[in-house]
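For the numbers below, each heavy atom of this structure counts, side chains included, while hydrogens, waters and symmetry mates do not.
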Amino acid sequence: QVQLVESGGGLVQAGGSLRLSCAASGRTSVTYAMGWFRQAPGKEREFVAAINYGGGRTYYVDSVKGRFTISRDNAKNTVYLEMNSLKPDDTAVYYCAARKSPLVSERIREYDWWGQGTQVTVSS
């Protein structure tokens with residue numbers, strides 16, 4: 001089992017920045033790829049970004065490319081999502097997820113563990 005806890009969400013004005021963190025505990029000795037997903041009110045959960053275990057490969061949804069950066073520190077068992085130039089459309093609950101594979105994936109069903117989420121609200 002892997003437990004994930006997100007932090008760093010909040011209220012920010014359009015054009016601002018936030019940095020989300022996701023701390024993993026439990027079976028962290030296993031190599032996991034990590035991902036960030038988000039769910040806006042009334043919408044389905046969607047993929048945002050993913051990173052492989054080694055950190056050398058990342059993948060983003062088109063709407064955040066050039067604005068968001070995913071990274072990880074395996075020594076701290078933590079993955080980050082740096083969000084810049086935030087837009088009101090980025091408002092959502094952001095979830096961290098881990099999958100039992102070192103390879104990146106944008107598919108929700110391929111992730112095995114999920115955090116509780118952290119709210120990000122971008123005002124116009």
Side-chain angles (χ1 to χ4, degrees):
Q1 280 290 77
V2 174
Q3 293 78 44
L4 303 172
V5 178
E6 303 97 334
S7 62
L11 173 64
V12 63
Q13 289 187 332
S17 299
L18 282 175
R19 188 193 197 201
L20 305 183
S21 299
C22 173
S25 61
R27 292 187 61 198
T28 56
S29 61
V30 181
T31 57
Y32 300 107
M34 302 291 292
W36 286 97
F37 295 78
R38 65 187 180 186
Q39 188 166 17
K43 295 186 177 180
E44 294 186 351
R45 191 170 300 190
E46 67 171 356
F47 169 77
V48 176
I51 188 167
N52 69 336
Y53 176 75
R57 183 176 293 273
T58 57
Y59 185 60
Y60 300 91
V61 67
D62 286 348
S63 60
V64 308
K65 285 181 180 177
R67 300 189 299 123
F68 291 12
T69 302
I70 188 171
S71 62
R72 66 189 297 165
D73 184 340
N74 289 339
K76 297 181 178 180
N77 297 317
T78 302
V79 64
Y80 305 97
L81 186 68
E82 185 76 33
M83 306 186 294
N84 298 314
S85 302
L86 282 161
K87 306 174 181 180
D89 284 349
D90 295 318
T91 295
V93 177
Y94 282 71
Y95 297 91
C96 171
R99 65 185 299 246
K100 289 184 283 188
S101 166
L103 305 178
V104 295
S105 172
E106 76 275 22
R107 298 182 178 90
I108 291 175
R109 65 179 182 272
E110 294 187 353
Y111 284 81
D112 301 285
W113 296 283
W114 292 82
Q116 293 299 306
T118 185
Q119 177 71 47
V120 171
T121 303
V122 184
S123 62
S124 58

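Nearest approach of S85 to R67, heavy atoms of both residues: O-NH1, 3.0 Å. Residues V104 and R57 approach most closely at CG1-O, 3.6 Å, considering heavy atoms. Between K65 and D62, the closest heavy-atom pair is NZ-OD1, 3.0 Å. Nearest heavy atom pair, residue S124 against residue P88, reads CB-CG, 3.9 Å. The shortest heavy-atom contact between A40 and A92 is N-CB, 3.8 Å.
Annotation: the span from K76 atom NZ to S21 atom OG amounts to 9.5 Å, rounded to 0.5 Å. Note that CG of L86 and OG of S17 are 6.0 Å apart. Values are rounded to the nearest 0.5 Å. If you take OG1 on T58 and CG on N52, they are separated by 8.5 Å, rounding to the nearest 0.5 Å. Put simply, OG1 on T78 and CG on L4 are 10.5 Å apart, with the number rounded to the nearest 0.5 Å. Going from atom CG of L81 over to atom CZ of R72 covers 13.5 Å, rounded to the nearest 0.5 Å. Separation of atoms CE (M34) and CZ (R99) is listed at 12.0 Å; rounding is to 0.5 Å.
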For this session: Show your reasoning for whether side chain to side chain contact (heavy atoms under 4.5 Å, CB included) applies to E82 and N84.
Result: CA-CA 7 Å; E82 185 76 33; N84 298 314; 3.8 Å; yes
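Taking the centre of each ring, Y32 and W113 come in below the 6.0 Å mark.
At a threshold of 4.5 Å between non-hydrogen side-chain atoms, the residues V79 and I70 count as touching. The shortest side-chain heavy-atom distance between F68 and W36 does not fall under the 4.5 Å cut-off. Looking at V122 and V12, their side chains come closer than 4.5 Å, going by heavy atoms from C-beta outward. Two residues are said to be in side-chain contact when any heavy atoms from C-beta on lie closer than 4.5 Å; L20 and E6 fail this criterion. You'll find the side chain of V48 stays beyond 4.5 Å of the side chain of Y60, heavy atoms only. Looking at heavy atoms from C-beta onward, R38 lies out of side-chain contact with R45 at the 4.5 angstrom threshold.
More than 12 heavy atoms of other residues, nucleotides or ligands lie within 6.0 Å of CD in Q39, so this atom counts as buried by the packing criterion.
A continuous path of hydrophobic side-chain contacts links Y94 to V2 [ILVMFWY only; heavy atoms under 4.5 Å]. A chain of hydrophobic side-chain contacts below 4.5 Å, direct or via other Ile, Leu, Val, Met, Phe, Trp or Tyr residues, connects V64 to L18.
Both cation-pi conditions hold for R19 and Y80: the charged atom is under 6.0 angstrom from the six-membered ring centre and inside a 45 degree cone around its axis.
Between Y111 and F37, the angle of the ring planes goes over 60°, which puts this pair in the perpendicular group of the 30/60° scheme. A perpendicular orientation is assigned to the rings of W114 and Y95, their planes being inclined by more than 60° (bins at 30° and 60°).
Between D90 and K87 there is no salt bridge, since no side-chain N of the basic residue sits under 4.0 Å from a carboxylate O of the acidic one.
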